[in-house]
Amino acid sequence: MGVRYAQGGGLTDAERAARERLRLQALERFEREQKNGEIAAALRVSERSVERWRRAWRERGEAGVLSKGSPGRPRLSEAQILRLERELERGPLAHGWADQRWTLARIKTLIGRLFHISYTVEGTWQLLKRHGWSWQQPTRRAIERDDEAVEVWKKETWLRVRASRRSAAPG
């Protein structure tokens, strides 16, 4: 374990942002299966840093590689909060998830993608609460559900499926 520095490793916000950009470039290269030596040379960092980033990436994915940021202060500007809210309103599908449920882990990932800032899940929840968001119990029925289409399907398609399964049964 190395020396622990106060305030995010003794780096300024600009230096931390530059380091974060290097990590993101390394991430892309990990996904293209480039060798550590190649990545270190291309990004002009030590091979040990690349090894450490790759290990964090393997263990915890993108979030493992992204900076923890400087502790103890809000990191999104008002403009970034507004952009985050617009992106959340677009829904998870618009951001590549398979369903329309926003989870704290997904929002944390979205913040990382949009702003290259890493929040903890707890920090993400605190941020959302501070800006008036609340958790919601999902309703049991999909918003997009078309009850008429469901009834037609039950009466026509399902009856055909059941009938064909019966006639295919041995006996």
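Because the structure is a prediction, the values reported are computed rather than measured. Numbers for residues simply follow the sequence, beginning at 1.
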Just wondering, more than 12 heavy atoms not from Glu31 lying within 6.0 Å of its CD? yes

Please tabulate, for side-chain N and O atoms in residues 39-49, each donor-acceptor pair with protein atoms closer than 3.5 Å (sequence neighbours left out).
from	atom 1	to	atom 2	distance (Å)
Ser46	OG	Ser49	N	3.0
Ser46	OG	Ser49	OG	3.2
Ser49	OG	Arg19	NH2	3.4
Ser49	OG	Arg52	NH2	3.4

Would you call Leu128 and Ile107 a side-chain contact if the rule is heavy atoms closer than 4.5 Å? yes

Heavy-atom pair with the smallest gap, counting every atom of Leu76 and Gln80: CA-OE1, 3.2 Å

Is it possible for you to say whether Val121 and Ile117 belong to one hydrophobic cluster, with membership spreading through side-chain heavy-atom contacts below 4.5 Å? yes

What are the two closest heavy atoms between Glu20 and His116, and how far apart are they? OE2-O, 2.9 Å

With distance as the sole test, does Arg101 use its side chain to make a donor-acceptor pair with the main-chain N or O of Pro92 at under 3.5 Å? no

When the ring planes of Trp102 and Trp97 are compared, do they come out parallel, tilted or perpendicular, using 30° and 60° as the limits? perpendicular

Might you work through the salt bridge (charged side-chain N to carboxylate O under 4.0 Å, His left out) test for Lys35 and Glu38, ending with a clear yes or no? CA-CA 5 Å; Lys35 303 251 181 290; Glu38 285 175 54; 5.9 Å; no

So do the side chains of His95 and Arg90 get within less than 4.5 Å of each other, counting heavy atoms only? yes

Qualifying residues under ring-ring contact (aromatic ring centres under 6.0 Å, His included), relative to Trp133, sequence neighbours excluded: none

Rounded distance [0.5 Å steps], CD in Gln126 versus CG in Leu104: 10.0 Å

For Leu114, give me all partners under side-chain contact (heavy atoms from CB on, under 4.5 Å), at least two apart in sequence or on another chain. Arg83, Leu84, Glu87, Leu110

Before you tell me yes or no, could you show the steps for Val50 and Phe30 under side chain to side chain contact (heavy atoms under 4.5 Å, CB included), namely the whole-Å CA-CA distance, both residues' side-chain angles and the distance that decides it to 0.1 Å? CA-CA 10 Å; Val50 176; Phe30 296 156; 3.9 Å; yes

Ignoring hydrogens and angles, tell me if any N or O in the side chain of Lys108 forms a donor-acceptor pair with the backbone of Tyr119 under 3.5 Å. yes

Do Arg54 and Glu51 have side chains that approach each other closer than 4.5 Å (heavy atoms only, starting at C-beta)? no

Kindly compute the distance separating NE2 (His131) from CG (Leu88), expressed to the nearest 0.5 Å. 12.0 Å

